[in-house]
Participant: 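Have a look at this one.
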Number of protein chains: 2
Amino acid sequence: MATSIRDVAKAAGVSVATVSKVLNGYTTVNEQTKEKVLKYVKELQFRPNLAARSLVGRRSMTIGIFLTTGLVHPFFTRILAGMEQALQARGYDLIYLARMSLGKEISLVQHCQSRNVEGVVVFGFQHENADFGELIESGLPAVFIDLDICEGRAGYITSDNREAMERAVAYLADLRHCRLAYIGGIKDSYADLHRLAGFQTGLARAGISYREEYRIAGDFTREAGYLAMQRLLALPEPPTAVLCCSDMSAIGAIEAIREAGLSVPEDISVLGFDDIELAEYIQPALTTIRQDMTTIGRRAVELLDELIVDEKLAPPEVIVPTELVVRQSCGPAKV
Amino acid sequence: MATSIRDVAKAAGVSVATVSKVLNGYTTVNEQTKEKVLKYVKELQFRPNLAARSLVGRRSMTIGIFLTTGLVHPFFTRILAGMEQALQARGYDLIYLARMSLGKEISLVQHCQSRNVEGVVVFGFQHENADFGELIESGLPAVFIDLDICEGRAGYITSDNREAMERAVAYLADLRHCRLAYIGGIKDSYADLHRLAGFQTGLARAGISYREEYRIAGDFTREAGYLAMQRLLALPEPPTAVLCCSDMSAIGAIEAIREAGLSVPEDISVLGFDDIELAEYIQPALTTIRQDMTTIGRRAVELLDELIVDEKLAPPEVIVPTELVVRQSCGPAKV
DNA sequence: ATGAAAGCGCTAACAC
DNA sequence: GTGTTAGCGCTTTCAT
């Protein structure tokens, strides 16, 4: 049996209540008693049982993480690395509820309840199966990454998709492109909508008119990028520059361009989104928009903590700036 | 307040003991009472509080994960994806103890105890700071990935590094290479030792003698690969093929070769290890040894489960086969 | 077959 | 300033 608070009390010759008070930083305890207790806590290597603690109504210091996409999200590691910083700073542990799945028999929310999880960060693409209704209604504090859910005790954090696309369009316009296409993500998903809006206002600012045939919906994958690019190439007047909703789509698009006997960036410029590790290594190295997933991860936990601690805090809506990283996949428009 | 077992008991008109028995699959309960209880469990959406459960000595169904490397391990995602399968199948949740750090003030082991964690899987490179002594002594079930620790209640799982290298050498020998170099990982680390052994027996089988100057120690990084290759290139008689301990090192080696005005695989063949996502995308696409990290992750959890369940089980030592994936970075030796 | 009651480790009134 | 005690939600003897 692990050492319990009673062992410490016995060793120090005080009551369990006193030990508890010392442990919880009550000031109503004599300095010397406190020293003595602390001495035995150390000596016996005592650590309070968190299950018992949370059972009596105290905090569990546990937050959950949920991915709508399974574990294959390209940013998972970066987001987690960011989360870790805040987790450590605020004293939480992170639990991955393997059995949980939104809308399934054993629901996320119920599972969180039975585990005394104080809040969750959820991310992943929009997903037909993802039913967040129960989560919202339950009042469990939640921070969504890349989904603009702001309701009850759920807020969100996301990259500045709109501004990112505006800037990307401006960059390409400076390179004298005027036939710009957009290979989108899942149609009408949050990210896609905002990026499209940024694309359009960017176009307007550059004095270029938006053409519906230059917008193809996709789903962030390489295959979708490949297919979308083929359609673009088949147009009577193909674009000279293509903005993709993800680096993987950009990679697919580049393949399609190559297969058509064209080259990047000489014939067509390709711009990605995300700046995944790959972006730097492919040929040509991908010019792309870097999402600061480390910051997003860290802030997500911080926001969640604030939401947990302050019951009446309005749910956060946070937008994180992006960065255009110029490599070799975009060049001046052919004249 | 969430619904408790008492609410169910009250609703069903039975005692809490009976509800508990139903929930825990006791057979000593009348079929009709059981039905009734189950009906209310469902109706009230009751889920037993896991903290309370583990407090009365039952299992917490929680396993921990610990990385000696922080979150930047290239396999993290794949291992986790594998783990997830087993986690779901066996009913565990995974907790990432953010505050834990081996050898620090709040130790991994103590933290696990206070969280009632039943076992841990640990992975990452060998690390000077990594002191596993306390973990081993504590008797907490543990499965190490890529570290051959087998003692007490700790076992391990790893790729078949030795066989992988033997095969790689045989492959290169078939391509008529006879000046083979090995850019190693952290010197004398588990993986490195076994790979070196495989390298040497592979050489012996092919009738090639091992040359000490063809072995350079590294640390799995791109930089190390780059530096090591420069040293190899400076040799009076440089190798015609290089086996690297990681894909990242292979990428670094290729850079060094290019900078020397040579090309891969025409002048020098380069073989990687791991098969990270990048391997497929770089130029030339990397011929490499694929580690089956998904299987390793899944099996790690399964082994851990068995260790947890059976107190006197001998700690496992599991070797997982690898696969040579042939792409474009290796070619026939120049004559 | 069912229920009453003890107790897991801890915290929080409430006495003293 | 310190100790006694009830009780968090659950499982498990032990009666009945």
Side-chain angles (χ1 to χ4, degrees), chain A residues 1-41 44-62 91 110-118, chain B residues 1-41 44-62 91 110-118:
Chain A
M1 214 64 232
T3 91
S4 90
I5 196 171
R6 248 189 295 277
D7 302 320
V8 179
K10 200 167 293 175
V14 298
S15 74
V16 292
T18 304
V19 177
S20 176
K21 279 168 195 156
V22 170
L23 258 23
N24 291 286
Y26 281 56
T27 50
T28 66
V29 83
N30 181 296
E31 191 57 37
Q32 291 168 29
T33 340
K34 186 176 157 191
E35 296 298 332
K36 196 166 49 177
V37 168
L38 253 20
K39 184 185 140 212
Y40 285 102
V41 164
L44 298 175
Q45 304 234 72
F46 171 69
R47 309 243 76 218
N49 181 313
L50 264 27
R53 222 178 219 186
S54 80
L55 194 57
V56 288
R58 296 202 110 237
R59 305 189 43 196
S60 71
M61 297 314 288
T62 310
Q110 289 182 33
H111 199 139
C112 283
Q113 271 162 201
S114 70
R115 284 242 177 227
N116 302 304
V117 168
E118 302 194 57
Chain B
M1 213 67 232
T3 91
S4 89
I5 196 172
R6 248 189 296 276
D7 303 319
V8 178
K10 200 166 293 173
V14 297
S15 75
V16 293
T18 304
V19 177
S20 176
K21 278 167 194 155
V22 171
L23 259 24
N24 291 286
Y26 280 56
T27 50
T28 66
V29 72
N30 182 297
E31 192 58 36
Q32 291 168 30
T33 345
K34 187 176 157 188
E35 296 298 334
K36 195 167 51 176
V37 168
L38 254 17
K39 184 184 141 215
Y40 285 102
V41 164
L44 299 174
Q45 304 234 73
F46 171 69
R47 311 244 71 220
N49 181 312
L50 264 27
R53 221 176 219 189
S54 81
L55 195 57
V56 288
R58 295 200 112 240
R59 304 187 46 194
S60 71
M61 298 313 287
T62 309
Q110 289 183 32
H111 199 139
C112 284
Q113 270 161 202
S114 68
R115 284 243 176 225
N116 301 306
V117 167
E118 301 194 59

Participant: Given B/Q45 and A/Q110, is the side-chain contact (heavy atoms from CB on, under 4.5 Å) satisfied, shown in steps?
Facilitator: CA-CA 8 Å; B/Q45 304 234 73; A/Q110 289 182 33; 2.8 Å; yes
Participant: Whole angstroms only, please: what is the CG-P distance between B/N49 and C/dC8?
Facilitator: 18 Å
Participant: Is B/S15 near enough to C/dG3 that one of its side-chain N or O atoms lies under 4.0 angstrom from OP1 or OP2?
Facilitator: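 Checking C/dG3 against B/S15, a side-chain N or O does come within under 4.0 Å of OP1 or OP2.
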Participant: If every non-hydrogen atom of B/V37 is compared with every non-hydrogen atom of B/V8, which pair is closest and at what distance?
Facilitator: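 Closest approach of B/V37 to B/V8, heavy atoms only: O-CG1, 4.2 Å.
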Participant: Would you work out how much the helix from C/dA1-D/dT16 to C/dC16-D/dG1 bends between its ends, with each end axis defined by five base pairs, to 10 degrees?
Facilitator: 40°
Participant: Which whole-number value in Å describes the distance from A/Q113 CD to D/dC10 P?
Facilitator: 12 Å
Participant: In whole Å, what is the span from the CG atom of A/D7 to the C1' atom of C/dC8?
Facilitator: 13 Å
Participant: Could you tell me the separation between the CE atom of B/M61 and the C1' atom of D/dC10, rounded to a whole number of Å?
Facilitator: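 Result: 17 Å.
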Participant: NA contact type, B/T28, heavy-atom cut-off 4.0 Å: base, sugar-phosphate, or nothing?
Facilitator: base
Participant: Find the distance A/L55:CG to C/dC10:C1' and express it as a whole number of Å.
Facilitator: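 Nearest whole value for this atom pair: 8 Å.
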Participant: In whole angstrom, what separates B/R6's CZ from C/dA5's P?
Facilitator: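 In whole Å, C/dA5 P lies 13 Å from B/R6 CZ.
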Participant: Using residues 9-16 of chain A as the side-chain source, report each donor-acceptor pair under 3.5 Å to any protein atom, sequence neighbours left out, with the distance given to one decimal.
Facilitator:
{"residue": "A/S15", "atom": "OG", "partner": "A/A17", "partner atom": "N", "Å": "3.4"}
{"residue": "A/S15", "atom": "OG", "partner": "A/T18", "partner atom": "N", "Å": "3.3"}
{"residue": "A/S15", "atom": "OG", "partner": "A/T18", "partner atom": "OG1", "Å": "3.2"}

Participant: Are any of the side-chain heavy atoms of B/R53 and B/N24 separated by less than 4.5 Å?
Facilitator: yes
Participant: Could you list by number each residue of residues 32-40 of chain A showing a heavy-atom separation from DNA chain C of less than 4.0 Å, or answer none if no residue does?
Facilitator: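 None - not one residue of the stretch has a heavy atom sitting under 4.0 Å from the strand.
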Participant: Using the 3.5 Å cut-off, write out each protein N or O paired with an N or O of nucleotides 11-14 of chain D and the distance between them.
Facilitator:
{"residue": "D/dT11", "atom": "OP1", "partner": "B/N24", "partner atom": "ND2", "Å": "3.2"}
{"residue": "D/dT11", "atom": "OP1", "partner": "B/R53", "partner atom": "NE", "Å": "2.6"}
{"residue": "D/dT11", "atom": "OP1", "partner": "B/R53", "partner atom": "NH2", "Å": "3.0"}
{"residue": "D/dT11", "atom": "OP2", "partner": "B/S20", "partner atom": "OG", "Å": "2.9"}
{"residue": "D/dT12", "atom": "OP1", "partner": "B/R58", "partner atom": "NE", "Å": "3.3"}
{"residue": "D/dT12", "atom": "OP2", "partner": "B/Y26", "partner atom": "OH", "Å": "2.8"}

Participant: Give me each pair satisfying side chain to side chain donor-acceptor pair (under 3.5 Å) with a member in residues 32-41 of chain A, each pair once, sequence neighbours excluded.
Facilitator: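 The answer is none; no pair qualifies.
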Participant: Looking at A/F46 and A/I5, what are the two nearest heavy atoms and their distance?
Facilitator: CE1-N, 3.4 Å
Participant: Tell me every residue that passes side chain to side chain contact (heavy atoms under 4.5 Å, CB included) with A/S60, counting only those two or more places apart in sequence or in another chain.
Facilitator: A/S54, A/T62, A/N116, A/E118
Participant: CZ/A/R115 to CZ/B/R47 distance, rounded to the nearest 0.5 angstrom?
Facilitator: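 Reported to 0.5 Å precision, the distance equals 11.0 Å.
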